[in-house]
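Shown next, in structure tokens, is the structure this report addresses.
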There are 2 protein chains.
Amino acid sequence: MDEIFGKIGTAQTLSQKIERRIEEAIRQKKLLIGAKLPSERELCEMFAVSRTALREALRRLSARGLIQIKKGSGMYVSELKIEDAIESLNLYYDLSFDSGLISQIIEVRRVFEPEIARMAANNRTDADLEILNRNISDLADCDPDNTQMEADIINKFHLNVAKATGNPIVIITMEPIYSLLPRMRNLIYANVDGEKDFTVKAHRAILESIRQQDGEKAFQEMVVQIERTLEVYTQYLKK
Amino acid sequence: MDEIFGKIGTAQTLSQKIERRIEEAIRQKKLLIGAKLPSERELCEMFAVSRTALREALRRLSARGLIQIKKGSGMYVSELKIEDAIESLNLYYDLSFDSGLISQIIEVRRVFEPEIARMAANNRTDADLEILNRNISDLADCDPDNTQMEADIINKFHLNVAKATGNPIVIITMEPIYSLLPRMRNLIYANVDGEKDFTVKAHRAILESIRQQDGEKAFQEMVVQIERTLEVYTQYLKK
DNA sequence: ATCACAAAGTTATCATACCAAAATAGGAAT
DNA sequence: ATTCCTATTTTGGTATGATAACTTTGTGAT
């Protein structure tokens, strides 16, 4: 451990201490979701700090999605949305986006998604089937020129398969990855003839396997779909 | 789409506008990593706003990891670390954690980790081997009473396997899950006799497969390890 | 050349005041 | 009783100026 020398002048600022205190209260459920925080003035008295310091702490908390500030009304503990967490990831990807990332994402999907399809086949409900079915119809009916919407729909299909596993952890782990797909696909998908037909067929095959609760078949069909995607991307990357 | 009625009074506050402006500058690389921002006073003049508004914008940016503020020195554009992005996910997991998630996490690990082990076997470097080796030694040498540290070490082993895949997406995906393990394991692991010996052996087997770059064997060994964990947890959950 | 210390620049905090948006309460019109 | 409007209160948003604490830089003595 080279932690011997580390952080000497890292004294937390006052506003950071305040931030931590409130964050801890939320983490420990002392402040429940939706709870209204005392007003700024009251909090100033309670913490015995100036409004400036307090407000800067609150700004950070709201930037991180922990609280919601409503002018004229008050501040409320907000349910941390997965979107907030993903927003950070998106920014990260935005800043470090390169073609290498594309193939790495594909690699992960190639490995994870077939297993997800299998789980979905084993656990899906009838409601899941309906959603997936409508999803496929949406793609088939979608205006071919609206590639953005096509990408969104395809994205949602995969996300809905993840949801059909009934395991929220699966959703949470894959959500950040799926959130990247529209951007990537937009670069490529539009240029490939016949790709949409293939995708619709592949999705139908996956759905059918899930309907039959045939995990192994769902696995295989997903492999086909992902490997095709991989091919398309590979072509693009060679250009 | 029920987006017909939505957000009317969404007037951005001044500090949010400032935040966007600076964020955009960073996203568009007009401000490069490490670049020093003008001082608060200068920025105030440039944006023609008060220091209060400006500072609150800067607090948000630093909370999101885009800039680093050094007292007495200045403000610098910082490289957005993966850890910053993952920190948000961790918080999210933290807030939605309950014992019901344990079995779901196990299910996910059961499906994902063997594949990760296979990827690691294919892509590992010698440096990865060394890290994993030291990790196993640490566990073997660890004070048996210090269950917290044992849990940490085990946690790190799995994370290091993920790192050995060489694919950052894998890390991002799994890191939040691993961050939950110590807490879970602490509840259970301590009570099971002989568990440590088993874990050490299992880890050695996994490492050996990765060393030989035998993906299939690594996959299988990881299955063994995870299913054992699943057993232990199942016993606990039945109590 | 080295060290100690002062000076300048920068962020952190505080205190106060005023502005703007939203919620609330009260009363008037229906 | 209900609806509508208005005045009041509460709450967050912005502005300003002063002071403290910290970092960096430069100066001068050694």
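Computed from a predicted model, the values in this text were never measured in an experiment. So that the names make sense, note that chain A is the first sequence line, chain B the second, and so on, each numbered from 1. Side chains are part of it too, since the values below use all heavy atoms of this structure and drop only hydrogens, waters and symmetry mates.
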| B/E40 CD - C/dA8 C1' separation (whole Å) | 16 Å
| request: Would you please name every residue forming a side chain to side chain donor-acceptor pair (under 3.5 Å) with A/N167, sequence neighbours left out? | output: B/E107
| task | Give the rounded distance in Å between these two atoms: NZ of B/K71 and P of C/dC14. | result | 11 Å
| message | Could you go through A/I67 and A/I26, starting from their C-alpha distance and side-chain angles, then the distance that decides it, and tell me whether this counts as side-chain contact (heavy atoms from CB on, under 4.5 Å)? | response | CA-CA 9 Å; A/I67 66 173; A/I26 295 175; 4.1 Å; yes
| Is the number of heavy atoms from other residues, nucleotides or ligands under 6.0 Å of B/E130 CD greater than 12? | no
| Could you walk me through whether A/R124 and A/D126 pass the side-chain contact (heavy atoms from CB on, under 4.5 Å) check? | CA-CA 7 Å; A/R124 98 287 189 289; A/D126 289 347; 3.6 Å; yes
| task | Return the value, rounded to whole Å, for the distance between atom NZ of A/K70 and atom P of D/dG13. | result | 13 Å
| Heavy-atom donor-acceptor pair, A/R41 side-chain to D/dG12 base, under 3.5 Å | yes
| Hey, which of these two, A/M75 or A/T52, hits DNA chain D nearer its 5' end, going by closest nucleotide? | A/M75
| Atom-to-atom span, CD of A/Q16 to P of C/dA12 - whole angstrom | 8 Å
| Considering only side-chain heavy atoms of A/T13, which listed nucleotide, C/dA12, D/dT14, D/dG13, is closest? | C/dA12
| request: Provide, to the nearest angstrom, the distance between the CG atom belonging to A/L58 and the P atom belonging to C/dT13. | output: 13 Å
| query | Please give, in whole Å, the distance from C/dT13 C1' to B/I69 CD1? | reply | 14 Å
| query | What is the distance from OH of A/Y76 to C1' of D/dT10, rounded to the nearest Å? | reply | 11 Å
| d(CG, A/L37; P, D/dT11) in whole Å | 12 Å
| Quiz item: A/R51 side-chain donor-acceptor pair to D/dG13 base, under 3.5 Å | yes
| remark: Of the candidates C/dA12, C/dT13, D/dG13, the side chain of A/R55 sits closest to D/dG13
| query | Looking only at side-chain N and O atoms, does B/S73 come under 4.0 Å of OP1 or OP2 in D/dC22? | reply | no
| message | Heavy atoms from C-beta onward define the side chain here; which of C/dC14, D/dG12, C/dT10 lies closest to that of A/L14? | response | C/dC14
| said: On the nucleotide D/dT14, are OP1 or OP2 found under 4.0 Å from the side-chain N or O atoms that B/S50 carries? | reply: no
| Where the side chain of B/E56 is defined as all heavy atoms beyond and including C-beta, which of C/dC14, D/dT14, C/dA12 is the nearest nucleotide? | D/dT14
| A/E19 and its salt bridge (Lys or Arg N to Asp or Glu O under 4.0 Å) partner, picked from A/R55, A/R59, A/R60 | A/R60
